[in-house]
Asks: 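Below is the structure I would like to discuss, written out as structure tokens.
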Amino acid sequence: YDDIVAQMKVHMNIIRPKFQIIYEAFENGFEGYDNVTWTIPNGGYFFCLSLPNGTAKRTVELCKEAGLIVTPAGAMFPYGIDPEDSKLRIAPTFPSCEELAFAADLLTVCARLAIEEKYGENLGFIEQIRGEVDRKMRANKIHFTLEGRIKSVYSIYKKMYSQNKSFDQIYDFYALRIIVDTELECYTALGLIHEMFKSVPGRFKDYISTPKPNMYRSLHTTVIGRDG
């Protein structure tokens with residue numbers, strides 16, 4: 001019996017830091033999200049992450065898009081069916097601590113994106129801004145094509161990882177691309193955008209006067225909407 005207890009203590013010392021990595025990532029990543037909770041078990045090899053209803057499956061999908069495979073949503077329920085689509089089973093014992101740190105951060109990003117998609121009305125916001133920009137360009141006789149998007153989970157995490165930024169420091173979560181015929185129209189469109197929205201200092205890049213090595217040429221700016 002004593003040998004078993006001693007072995008279990010050794011095992012505990014191996015897996016405890018892994019659980020701690022997950023807890024810290026969740027505490028930081030879900031700060032301010034009162035509708036996200038997780039269990040802190042006294043034993044066992046997994047715990048439960050509770051998300052807002054209707055977001056667990058989408059979180060798993062976003063993780064897969066970014067290259068992270070997690071336990072399927074609903075795994076804790078009979079036949080794998082979670083009636084609220086809100087629970088994820090997290091088992092952090094197998095991966096290394098380094099892999100877990102990466103995975104935990106990415107999981108929180110995916111969950112937050114799933115929550116924003118479900119409850120943040122992101123697509124409606126994009127369409128609203130797109131309509132305003134469309135009317136502004138037409139009123140000023142600009143010949144253009146307009147595209148709108150929400151930044152992909154891979155792009156968001158890549159920027160967070162490479163630039164050591166938190167999720168809240170990603171300013172280009174939403175993006176509009178205005179494609180025009182001439183350089184003059186491009187600069188004119190930029191001026192019109194800055195008439196409509198407040199520009200963020202230090203976030204303007206001119207790849208027309210200074211093209212990238214691959215000859216990519218465009219103007220980039222980051223702006224803040226009237227409602228922040």
Asks: Hey, is NZ on K9 packed in by over 12 heavy atoms from elsewhere, all under 6.0 Å?
Replies: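 For K9, atom NZ is not crowded (no more than 12 foreign heavy atoms under 6.0 Å).
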Asks: Are E61 and K64 close enough for a salt bridge, meaning some N to O gap below 4.0 Å?
Replies: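 Salt bridge: no.
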Asks: Indicate yes or no: does D134 engage R130 in a salt bridge with an N to O separation below 4.0 Å.
Replies: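 Not counted as a salt bridge, because no side-chain N and carboxylate O are separated by less than 4.0 Å.
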Asks: Using atom types as modelled and distance alone, determine if a side-chain donor or acceptor of N214 lies under 3.5 Å from a backbone N or O of Y216.
Replies: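 Yes, N214 side chain to Y216 backbone: donor-acceptor pair under 3.5 Å.
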Asks: Do E185 and K141 sit within salt-bridge range, that is, some charged N less than 4.0 Å from a carboxylate O?
Replies: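 Between K141 and E185 there is no salt bridge, as every charged N stays at least 4.0 Å from the carboxylate O atoms.
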Asks: To the nearest 0.5 Å, tell me how far E24 CD sits from D105 CG.
Replies: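 So the CD of E24 and the CG of D105 are separated by 10.5 Å.
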Asks: Side-chain contact, heavy-atom cut-off 4.5 Å: I21 with P92?
Replies: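 No - every pair of side-chain heavy atoms lies 4.5 Å or more apart.
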Asks: Treat each ILVMFWY residue as a node, draw an edge where side-chain heavy atoms are under 4.5 Å apart, and state whether L88 and F77 are in one component.
Replies: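 No, L88 does not connect to F77 through the hydrophobic network.
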Asks: Can L219 be reached from M196 by stepping across I, L, V, M, F, W or Y side chains whose heavy atoms are under 4.5 Å apart?
Replies: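 No, separate clusters.
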Asks: Please report the closest heavy-atom contact between T221 and S199, naming both atoms and the distance.
Replies: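 Nearest pair, atom of T221 first, then S199: OG1-CB, 4.4 Å.
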Asks: Determine whether I179 and L146 fall in the same hydrophobic cluster, where Ile, Leu, Val, Met, Phe, Trp and Tyr are linked whenever their side-chain heavy atoms lie under 4.5 Å apart.
Replies: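 No, I179 and L146 fall in different hydrophobic clusters.
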Asks: Quick check for you: to the nearest 0.5 Å, what is the distance between I22 atom CD1 and E27 atom CD?
Replies: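 Going from the CD1 atom of I22 to the CD atom of E27 covers 11.5 Å.
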Asks: Does M8 CE have over 12 foreign heavy atoms under 6.0 Å away?
Replies: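 Open: at most 12 neighbouring heavy atoms sit under 6.0 Å from CE of M8.
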Asks: Classify the ring geometry between F30 and W38 as parallel (under 30°), tilted (30 to 60°) or perpendicular (over 60°).
Replies: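 Ring orientation of F30 relative to W38: tilted.
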Asks: How about NZ on K57, more than 12 heavy atoms from neighbouring residues, nucleotides or ligands closer than 6.0 Å, or not?
Replies: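 No - once you tally the heavy atoms of other residues, nucleotides and ligands closer than 6.0 Å, there are 12 at most.
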Asks: Is the side chain of R112 donor-acceptor paired with the backbone N or O of G29 at a distance under 3.5 Å, no angle test?
Replies: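 Side chain of R112 to backbone of G29, a donor-acceptor pair under 3.5 Å: yes, one is there.
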Asks: Taking all atoms of both residues into account, what is the closest heavy-atom pair of Y23 and T39, and its distance?
Replies: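 That closest heavy-atom pairing would be CE2-O, 4.0 Å.
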Asks: Does the K18 side chain pair with the main chain of T93, one donor and one acceptor, at a distance under 3.5 Å?
Replies: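 At least one qualifying donor-acceptor pair exists.
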Asks: Test of understanding: clusters of I, L, V, M, F, W, Y form through side-chain heavy atoms closer than 4.5 Å, transitively. Do V36 and F46 belong to the same one?
Replies: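 V36 does not cluster with F46.
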Asks: State whether the side chain of S218 and the backbone N or O of Y207 hold a donor-acceptor pair below 3.5 Å, judged by distance alone.
Replies: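 Between the backbone of Y207 and the side chain of S218 there is no qualifying donor-acceptor contact (under 3.5 Å).
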Asks: Please check if atom CD1 in I40 has more than 12 non-hydrogen atoms from other residues, nucleotides or ligands closer than 6.0 Å.
Replies: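 Yes, the 6.0 Å shell around CD1 holds more than 12 heavy atoms from other groups.
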Asks: Apply the test side chain to side chain contact (heavy atoms under 4.5 Å, CB included) to residues F26 and T108: give CA-CA distance (whole Å), side-chain angles for both, the deciding distance (0.1 Å), then the verdict.
Replies: CA-CA 7 Å; F26 285 1; T108 60; 3.5 Å; yes
Asks: Using the side chain to side chain contact (heavy atoms under 4.5 Å, CB included) rule, take I178 and L190 through it: C-alpha gap first, then chi angles, then the decisive distance, then the call.
Replies: CA-CA 9 Å; I178 305 172; L190 175 70; over 6 Å; no
Asks: Give the minimum heavy-atom separation between L176 and I129, together with the two atoms involved.
Replies: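 Smallest heavy-atom distance, with atoms named: CD1-CG2, 3.6 Å.
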Asks: Tell me, yes or no, whether the heavy-atom count around H220 atom NE2, taken from other residues, nucleotides or ligands under 6.0 Å, exceeds 12.
Replies: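 Enclosed: over 12 neighbouring heavy atoms sit under 6.0 Å from NE2 of H220.
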Asks: Go through it in stages, so that I can follow the logic: the residues are D82 and M76, the test is side chain to side chain contact (heavy atoms under 4.5 Å, CB included), and I'd like the CA-CA distance, side-chain angles, deciding distance and then a yes or no.
Replies: CA-CA 8 Å; D82 175 2; M76 302 170 63; over 6 Å; no
Asks: L62 and C110: which non-hydrogen atoms are nearest, and at how many Å?
Replies: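 That closest heavy-atom pairing would be CD1-O, 3.4 Å.
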Asks: Quick one: CZ on R58 to CG on L113, what's the gap to the nearest 0.5 Å?
Replies: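 With rounding to 0.5 Å, CZ (R58) is 8.5 Å from CG (L113).
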Asks: Looking only at heavy atoms, what is the nearest atom pair of A56 and L51, with distance?
Replies: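 What the structure gives for the nearest pair is CA-CD1, 4.1 Å.
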Asks: Taking N35 for the side chain and P52 for the main chain, is one N or O donor matched with an acceptor at less than 3.5 Å?
Replies: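 No, the answer is negative, given that no donor and acceptor are paired below the 3.5 Å cut-off.
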Asks: Grouping I, L, V, M, F, W and Y whenever their side-chain heavy atoms are under 4.5 Å apart, do I142 and F197 come out in a common cluster?
Replies: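 They do share one cluster, since a chain of ILVMFWY contacts under 4.5 Å joins I142 to F197.
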Asks: Indicate the ring-plane relationship of F47 and F19, choosing parallel, tilted or perpendicular according to the 30° and 60° boundaries.
Replies: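 Rings of F47 and F19: tilted, 30 to 60°.
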Asks: Looking only at heavy atoms, what is the nearest atom pair of V60 and A73, with distance?
Replies: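 Smallest interatomic distance, heavy atoms only, reads CG2-N, 3.8 Å.
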Asks: Checking side chain to side chain contact (heavy atoms under 4.5 Å, CB included) for the pair T59/V70: CA distance, chi angles, key distance, verdict?
Replies: CA-CA 9 Å; T59 297; V70 298; over 6 Å; no
